[in-house]
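I have placed the structure first, in the form of structure tokens, so that the comments after it can refer back to it.
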Amino acid sequence: MKKVLTYGTFDLLHHGHINLLRRAKELGDYLVVGISSDEFNRIKGKKSYYSYEERKLILEAIRYVDEVIPEHTWEQKVEDVQKHNIDVFVMGDDWKGKFDFLSEYCDVVYLPRTVGISTTQIKKELKAANNG
Ligand code: C2G
């Protein structure tokens, strides 16, 4: 069984996230998603609309996702790859190059981001729409 791993906040889930998760799953048979905790989001400088528990519930309902684990630190990836016997690590290409060190332990694949959508954009457009 070929196991794939990716990480993210996955707040206000949108088709960019789904495109990433679908393509990640296509690279193997089992997809593990490390979802950023609320505390780690603060470290990343992000404040998600949905809590960790809510984002976890939503991700676990996605057909491409087989397992969700918490992401607490930048440093846990090597341990996660080893603990979960990961064959392929996948991220959107906004992260291109940032995780190449993992190629010692598994394949590293950066997939093109879906253009024209982001959680930040959703928040901005909703804010503008509500301000009239
Ligand atoms: N993504 C995408 N296209 C978009 C938006 C996001 O392909 N239009 C991808 C990102 O590249 C990432 C995944 O969807 O691979 C999750 O995006 P975020 O929730 O924004 O994740 P991020 O904050 O980048 O967290 O340790 C890694 C970090 O936790 C990644």
Side-chain angles (χ1 to χ4, degrees):
M1 177 169 68
K2 196 168 182 185
K3 296 185 78 177
V4 184
L5 172 66
T6 190
Y7 295 85
T9 297
F10 295 100
D11 189 30
L12 297 183
L13 203 71
H14 54 67
H15 58 282
H17 295 137
I18 298 300
N19 286 339
L20 189 285
L21 294 169
R22 186 191 67 255
R23 288 174 294 161
K25 180 60 178 282
E26 285 166 358
L27 293 172
D29 311 294
Y30 188 92
L31 175 60
V32 180
V33 180
I35 188 164
S36 309
S37 66
D38 296 329
E39 297 71 27
F40 185 52
N41 268 338
R42 267 191 281 285
I43 294 171
K44 294 200 298 188
K46 283 191 161 186
K47 170 96 180 67
S48 63
Y49 177 80
Y50 287 127
S51 69
Y52 170 79
E53 286 309 323
E54 290 162 338
R55 289 180 285 119
K56 180 172 183 287
L57 184 76
I58 291 167
L59 269 194
E60 284 173 339
I62 297 170
R63 71 172 71 174
Y64 308 119
V65 178
D66 296 289
E67 184 177 356
V68 176
I69 61 173
E71 181 185 31
H72 295 296
T73 69
W74 289 114
E75 294 77 25
Q76 71 182 75
K77 293 183 174 67
V78 171
E79 184 191 344
D80 286 346
V81 167
Q82 293 173 317
K83 192 164 60 177
H84 294 273
N85 301 312
I86 298 299
D87 301 290
V88 189
F89 172 82
V90 176
M91 286 304 292
D93 63 3
D94 46 318
W95 291 94
K96 193 163 180 56
K98 299 287 191 309
F99 302 114
D100 291 355
F101 65 90
L102 289 171
S103 55
E104 211 178 307
Y105 307 95
C106 62
D107 295 342
V108 176
V109 175
Y110 300 101
L111 297 171
R113 272 175 74 91
T114 300
V115 176
I117 185 74
S118 71
T119 302
T120 308
Q121 179 188 329
I122 293 170
K123 287 179 177 176
K124 270 192 196 138
E125 290 180 12
L126 282 176
K127 192 169 180 330
N130 290 319
N131 290 347

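The figures here come from the full heavy-atom set of this structure, side chains too, leaving out hydrogens, waters and symmetry mates. Counting convention: from 1, in listed order, for ligands and their atoms alike.
Residues meeting the side-chain hydrogen bond (donor to acceptor under 3.5 Å, both in side chains) test with Asp38, sequence neighbours left out: Arg55.
Listed by first then second residue, pairs satisfying side chain to side chain donor-acceptor pair (under 3.5 Å) with a partner in residues 84-97 read Asp94-Arg113, not counting sequence neighbours. Here ring pair (Phe, Tyr, Trp, His ring centres under 6.0 Å) pairs that include residues 22-72, with residues two or more places apart or in two chains, are Phe40-Trp74.
Taking the six-membered ring for Trp and thresholds of 30 and 60 degrees, Phe89 and Tyr7 have ring planes inclined between 30 and 60 degrees apart.
Linking ILVMFWY side-chain heavy atoms closer than 4.5 Å, directly or via other members, places Val65 and Val4 in a single hydrophobic cluster.
The protein residues lying under 4.0 angstrom from ligand 1, judged by non-hydrogen atoms, are Tyr7, Gly8, Thr9, Phe10, His14, Gly16, His17, Leu20, Ser36, Lys44, Lys46, Glu71, Trp74, Lys77, Met91, Gly92, Asp94, Trp95, Arg113, Thr114, Ile117.
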- Task: Could you please spell out the steps behind the side chain to side chain donor-acceptor pair (under 3.5 Å) verdict for Lys46 and Ser36?
- Result: CA-CA 10 Å; Lys46 283 191 161 186; Ser36 309; over 6 Å; no

